[in-house]
Amino acid sequence: MAKHYEFEEVETRWQQRWIQEGTYEIENDDVRPPYYVLSMYPYPSGQAHQGHIRNYTFGDVLVRYRTMQGFGVLSPFGFDSFGLPAENAAIKGGAHPLEYTEARIAELKQSVLRLGAVYDWRREIRSHDAEYIRFNQMIFTHLLKNDLAYRKGGLVNWCPGCQTVLANEQVESDGTCERSGDLVEKRSLEQWFLRITKYSDELLFALDDLDWPERVKTMQRNWIGRSEGARIRFLVEGLPETSIEVYTTRPDTGFGATYLVLAPEHALVDLLTTDQQRDEVNALKALAVAESDIERQSTDGELAKRGAFTGSFAINPYNNERIPIYLADYVLSSYGTGAIMAVPAEDQRDFDFAQIYGLPVVRTVATPPDFLDGAYSGEGIKINSGFLDGLDVATAKARSIEWLESRGFGSRSVQYRLRDWLISRQRYWGCPIPVVFCEKDGIVAVPDDQLPVLLPRDVQFLPTGESPLMSHAGFLHTTCPTCGGPARRETDTMDTFVDSSWYFLRFTDPFNTETAVNFEAVRHFMPVDQYIGGITHAIMHLLYSRFFTRVLGDVGLSPEEIREPFGQLFCQGMVRLGGRAMSKSRGNVISPDEYFASIGADALRLFHLFVGPPTDDIDWGDQTNEIIEGCSRYLRRVWRLAVDGGPSDGAAATAAKDLDGESRLLVRTVHQTIMKVTEDFDHYGFNTAVAECMSLTNAITRANRIGVDRAIVDEAIDILLRLLAPMVPHLAAEAFEIRNNAHVHCAPWPLADPDLAKEDRVTMVVQVNGKLRDRIEVSASIDEQEAISIAFGSGQVIASLAGKSPNRVVARPPNLVNIVV
RNA sequence: GCCCGGAUGGCGGAAUGGUAGACGCGGCGGCCUCAAAAGCCGUUGUCUGAAAGGGCGUGCGGGUUCAAAUCCCGCUCCGGGCACCA
């Protein structure tokens, strides 16, 4: 009997060895075909929880699997180390964000190392490092020069909890902050934006060719929100110089436009409002300002109080009818032109409004016979529409646009929901925006040779809601790089999503001190072959990264031909406890440490791989510890099987032998398992890969017991260890080394021999009227006639037929015969 | 409201038109042991039966097919995303 498996000693020893031997370090001139596996770099929140473990286990399996397959795998790791929690901790009287963050990084890194996940640690990136800040800022100033970054005033989202403005993407649909949950307010501020909308179409259309989960692509499509329609100009009665432009996706319904509606913030409101209507209009404007976004977008509010007549009239260009101009809070100034033509017959919201205000309804599409009442937005034949009558909706849309364009009343127009990305944050712990404000020269970018602009250490963290940089004289007051005169430094820092929008490019050559991105290295490794992370990043991080990859190419900072950063995206499920996602901020964390100590990293990894499909959420429940214990028990079995018999005698055993009986059976199982596990790894089928390995283990145990040739069994065990190596790397490495004096992670991935995997006898199912009546062992090579005659020879079948003659016989040799009577 | 998932034993799950429940957890029985732990062997959807066997069975109701967890139609429930976006 070999000694008990000392997982703690073995695991830590191999972890050191992989680092010392540089097993997973890769050079950029490596001759193997490149392969880039990346798990989203984490915000360092301290010790890992089970969500991290799950994530990094999946990534590590792929790194080790692809390495064994002969790829030169790039597997880097880093930390998204700027962010609010560190600063909030400082305000609450904790350590300086720098020390706080570096302590959390050390904790998380410790967990990841102890898990046995392998990375090229030479390439580690931390977004708060001076070198990363420098290139982040250089990217910003290049965007500024290319008019892709700009400063603009206007209403922005302000989170009172986070004490900073937010990007649209960071506001939930209920109007709350995605981080703090506070109700987001509107504030009028001048802020920095990145021109992501310039890429709307490219970001949208390129989704079609991406090998990403469909739901992520759908979410991005919805977020970009492209709609095609027309802008139409309505003349205003009595004001010959004035016209109102509306945007509509239904230019075919113009003959049914019986009134216009403007957003309360619309620039023409005051001009259009008659004295008689002024009080009513002002009341509505006041209401719209006071309302939160939730109230404003709610469908519950009483419509009667949410609209107001301006007293003015416009002329419908389709039919020259005089139609009233209203205001309503539900029309948004930020979308389209901030004004709509209302077609109550074909839009439910317009219909409801028309009912309240007694406005006419004119149908322009024939409704189906079973249609009752209300707005009808479906397909149909145009009616009451002059030159459009008799056309279908799609044709009428196109014809309307031609008609509008020929008369100068409008034109084709595409609208997007996507807004430019607001990146200013009024916080300390982020990358400073590298500009100064000079009275003489205005906004001046800090030149490349003066970067980085670093955060001063000696600031005061006070709960004032103002960035500590505002009150740091040494930081604030500077000189203008252009004229040398006095200037004020920008005190806003960048959204941390900027940091994470290009780190994957930097990983290809983080040693480069000349430029942010090394073109040659990017061309070698990009795009990321397998990107792994949570679905929570479906919009923000993944959209911004797609934008950055393009924009860096277009401003000459990265190869222009690399448009998409992530070839294949894999979104793992969440780990839940008590019905909620496990996370430190929610305080429902199960630490991996107790498992590292009690059963080891391999057993915990195996649990995460085995418990269910990796895309599914898992609930940490009552039975979880028993399942983990089962994984540990399985590994002890593998260990005994592998180590008890001494060194392996299995080299090329199958090649030298004529196989029959139980030996043949075992060899067949081995080769079938290789095929299935390989297939599973290629499609993230980790749970079934584990199950296949367990089945093979059972088969080897049985073969051992009944005395199958030692060399055959040894070969099977060695292949089992190679299949297990990506999943349980420590145990596989130790056992393989004891048996073969070789490093399993440097061994090639086993190849299946299809001939050896082939079944020669199979179980044929015989059904009568589709019901299972017998199972018969047959040769795999039987033909249809043989299958049928064997089926009719079955006693069970004869009894079931009870003398009746069959109507029809369906044979699928060698698996099935179905007799229909 | 719209869109996308999902529902299978006591539990996690497997099977994507051809043996439902692989693999594991839990349970039950046995071996080993003074005993326990560890380990090993067997068994385990459900009803019926002494057994052989038979009936039923993949959320519900229909349909297609020789054959449906799987495909189609109509529901129910659960999860997620989007939502006065004109």
Side-chain angles (χ1 to χ4, degrees), chain A residues 1 4 173-174 213-219 221-223 225-227 229 246-250 253 261 263 296-301 303 306 328-332 334-343 346-350 352-353 415-418 535 538-539 574 579 606-607 610-613 615-619 621-631 633-634 636-637 640 676 685 687-698 701-702 705 762-775 796 799-800 806-812 815-821:
Chain A
M1 270 305 246
H4 181 66
S173 55
D174 63 356
E214 211 44 56
R215 61 187 170 141
V216 174
K217 297 205 280 184
T218 302
M219 283 161 77
R221 284 191 189 104
N222 289 340
W223 187 261
R226 184 181 205 269
S227 80
V246 304
Y247 172 73
T248 179
T249 54
R250 292 293 301 272
T253 61
V261 190
R296 183 139 173 197
Q297 291 179 10
S298 158
T299 44
D300 301 337
L303 269 176
R306 300 179 60 186
D329 67 348
Y330 69 77
V331 174
L332 307 176
S334 58
Y335 187 79
T337 62
I340 63 164
M341 67 176 200
V343 185
E346 274 101 34
D347 183 287
Q348 188 60 44
R349 195 187 42 222
D350 294 345
D352 295 340
F353 192 87
Q415 290 296 314
Y416 302 89
R417 213 185 81 104
L418 184 69
I535 187 87
I539 295 174
M574 287 184 306
L606 194 65
F607 160 76
F610 181 56
V611 70
T615 45
D616 284 8
D617 291 346
I618 62 166
D619 283 298
D622 302 337
Q623 241 195 75
T624 302
N625 280 333
E626 282 163 348
I627 299 172
I628 295 173
E629 185 49 47
C631 291
R633 201 154 52 222
Y634 168 69
R636 288 198 294 267
R637 272 183 65 204
R640 286 193 304 272
K676 287 181 195 154
N687 56 327
T688 46
V690 175
E692 295 302 338
C693 288
M694 286 174 168
S695 289
L696 176 58
T697 309
N698 293 340
T701 304
R702 178 173 172 277
R705 191 169 65 237
V762 297
T763 304
M764 183 175 81
V765 171
V766 186
Q767 298 175 330
V768 176
N769 287 332
K771 281 189 189 284
L772 176 72
R773 287 299 173 228
D774 205 359
R775 296 167 212 226
Q796 296 293 338
S800 300
N807 275 324
R808 183 173 171 185
V809 180
V810 179
R812 293 284 178 275
N815 297 310
L816 172 131
V817 172
N818 187 11
I819 300 163
V820 186
V821 293

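Chain identifiers are assigned alphabetically (A, B, ...) following the order of the sequence lines, protein sequences preceding nucleic acid strands; residue numbering begins at 1 within each chain. Keep in mind that the numbers below use all heavy atoms, side chains included, and drop hydrogens, waters and symmetry copies.
- In this structure, the side chains of A:Thr697 and A:Arg637 come closer than 4.5 Å at one or more pairs of heavy atoms.
- Of the side-chain N and O atoms in A:Arg636, one or more sit less than 4.0 angstrom from OP1 or OP2 of B:G39.
- The separation between A:Arg250 atom CZ and B:C85 atom P is 14 Å, rounded to whole Å.
- In this entry the distance linking CG of A:Asn625 with P of B:G12 reads 16 Å, nearest Å.
- Checking the phosphate oxygens (OP1, OP2) of B:G5, no side-chain nitrogen or oxygen of A:Arg215 falls inside 4.0 Å.
- B:G80 atom C1' lies 13 Å from atom CG of A:Asp616, rounded to whole Å.
- Nearest-nucleotide assignment on RNA chain B puts the 5′-proximal partner with A:Ile618, out of A:Ile618 and A:Thr763.
- Contact annotation for A:Asn818: base contact, defined as any heavy-atom pair under 4.0 Å involving a base atom.
- Here A:Arg812 does not reach the OP1 or OP2 of B:C66: none of its side-chain N or O atoms lies under 4.0 Å away.
- For the pair A:Met341 CE and B:C84 P, the computed distance is 21 Å after rounding to whole Å.
- Set against B:A20, B:C66, B:G13, the side chain of A:Leu772 has B:A20 as its closest nucleotide.
- Here the separation of B:G80 from B:U16, taken at their P atoms, is 28 Å to the nearest Å.
- At a threshold of 4.0 angstrom between heavy atoms, the contacts of A:Val765 include nucleobase atoms, whether or not backbone atoms are also involved.
- B:A20 and B:G57 are spaced 13 Å apart, taking the P atom of each and rounding to whole Å.
- In a base pair of the Watson-Crick type (N1 to N3 plus N6-O4 or O6-N4) or a G-U wobble (N1-O2 and O6-N3), with each distance short of 3.5 Å, B:A20 is matched with no nucleotide.
- B:C82 and B:G1 make up a base pair, with Watson-Crick or G-U wobble contacts both under 3.5 Å.
- The separation of B:A83 from B:A68, taken at their P atoms, amounts to 43 Å, rounded to a whole angstrom.
- Distance from the side chain of A:Leu816 is smallest for B:G18 among the nucleotides B:G18, B:U19, B:G54.
- Residues A:Thr249 and A:Tyr247 meet the side-chain proximity criterion, which asks for heavy atoms closer than 4.5 Å.
- When all heavy atoms are compared, the tightest approach of A:Phe610 to A:Asn687 is O-CB, 3.6 Å.
- More than 12 non-hydrogen atoms from other residues, nucleotides or ligands lie less than 6.0 angstrom from CZ of A:Arg221.
- B:A50 is unpaired under the Watson-Crick or G-U wobble criterion, no partner having all donor-acceptor distances under 3.5 Å.
- For B:C72 and B:G17, the C1' atoms lie 13 Å apart once the distance is rounded to whole Å.
- Residue A:Pro806 is tested with A:Asn769, A:Asn818, A:Val768, A:Ile819 for a side-chain contact (heavy atoms from CB on, under 4.5 Å); the sole match is A:Ile819.
- On a pure distance criterion of 3.5 Å, no polar donor-acceptor pair joins the side chain of A:Asn222 and the base of B:C82.
- When the nucleotides B:C85, B:C41, B:G54 are ranked by their closest atom to the side chain of A:Leu332, B:C85 comes out on top.
- Applying the 4.0 Å criterion to OP1 and OP2 of B:C85, one finds that A:Arg349 has a side-chain N or O inside that range.
- Note on A:Arg773: only backbone sugar-phosphate atoms sit closer than 4.0 angstrom, heavy atoms only; bases stay farther off.
- Nucleotide B:C82 holds its C1' atom 16 Å from the CD atom of A:Glu214, rounded to whole Å.
- In this structure, A:Ala342 and A:Val261 approach most closely via the heavy-atom pair CB-CG2, 4.3 Å.
- For the residue pair A:Asn625 / A:Glu629, no side-chain donor-acceptor distance below 3.5 Å is found, with atom types taken as modelled.
- Note: CD1 (A:Ile535) to C1' (B:G80) measures 9 Å, nearest angstrom.
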Do nucleotides 21-27 of chain B as a string where each nucleotide becomes B, S or -: B if the base has a protein heavy atom under 4.0 Å, S if just the sugar-phosphate does, - if no protein is that close.
-> -BBSBS-
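- Nucleotide B:G74 forms a pair with B:C60, judged by Watson-Crick or G-U wobble geometry with both contacts under 3.5 Å.
- The partner of B:G10 is B:C25, judged by Watson-Crick or G-U wobble contacts that both fall below 3.5 Å.
- Between B:G21 and B:G26, the distance separating the two C1' atoms is 16 Å to the nearest Å.
- When the P atom is compared between B:C25 and B:C73, the two are found 41 Å apart, to the nearest whole Å.
- If you take atom C1' in B:G13 and the same atom in B:U8, they sit 9 Å apart, rounded to whole Å.
- Pair assignment for B:C40: B:G30, on the basis of Watson-Crick or G-U wobble contacts that are both within less than 3.5 Å.
- Within the structure, a side-chain polar atom (N or O) of A:Arg640 is placed less than 4.0 Å from OP1 or OP2 of B:C40.
- Contact between the side-chain N/O atoms of A:Tyr335 and the OP1/OP2 oxygens of B:A86 is found at a separation under 4.0 Å.
- Separation of the C1' atoms belonging to B:C75 and B:C85 is 32 Å when rounded to the nearest angstrom.
- Among the atoms of the strands shown, only primed sugar atoms or phosphate atoms (P, OP1, OP2) are found under 4.0 Å from some heavy atom of A:Arg705.
- A:Arg636 places a side-chain heavy atom less than 4.5 Å from the side chain of A:Arg640.
- To the nearest angstrom, P of B:U19 lies 18 Å from CD of A:Gln796.
- The separation between A:Lys676 atom NZ and B:A15 atom C1' is 11 Å, rounded to whole Å.
- You'll find that the side chain of A:Arg417 is closest to B:A83, out of B:G54, B:A83, B:U19.
- Residue A:Lys771 places at least one side-chain N or O closer than 4.0 Å to OP1 or OP2 of B:C56.
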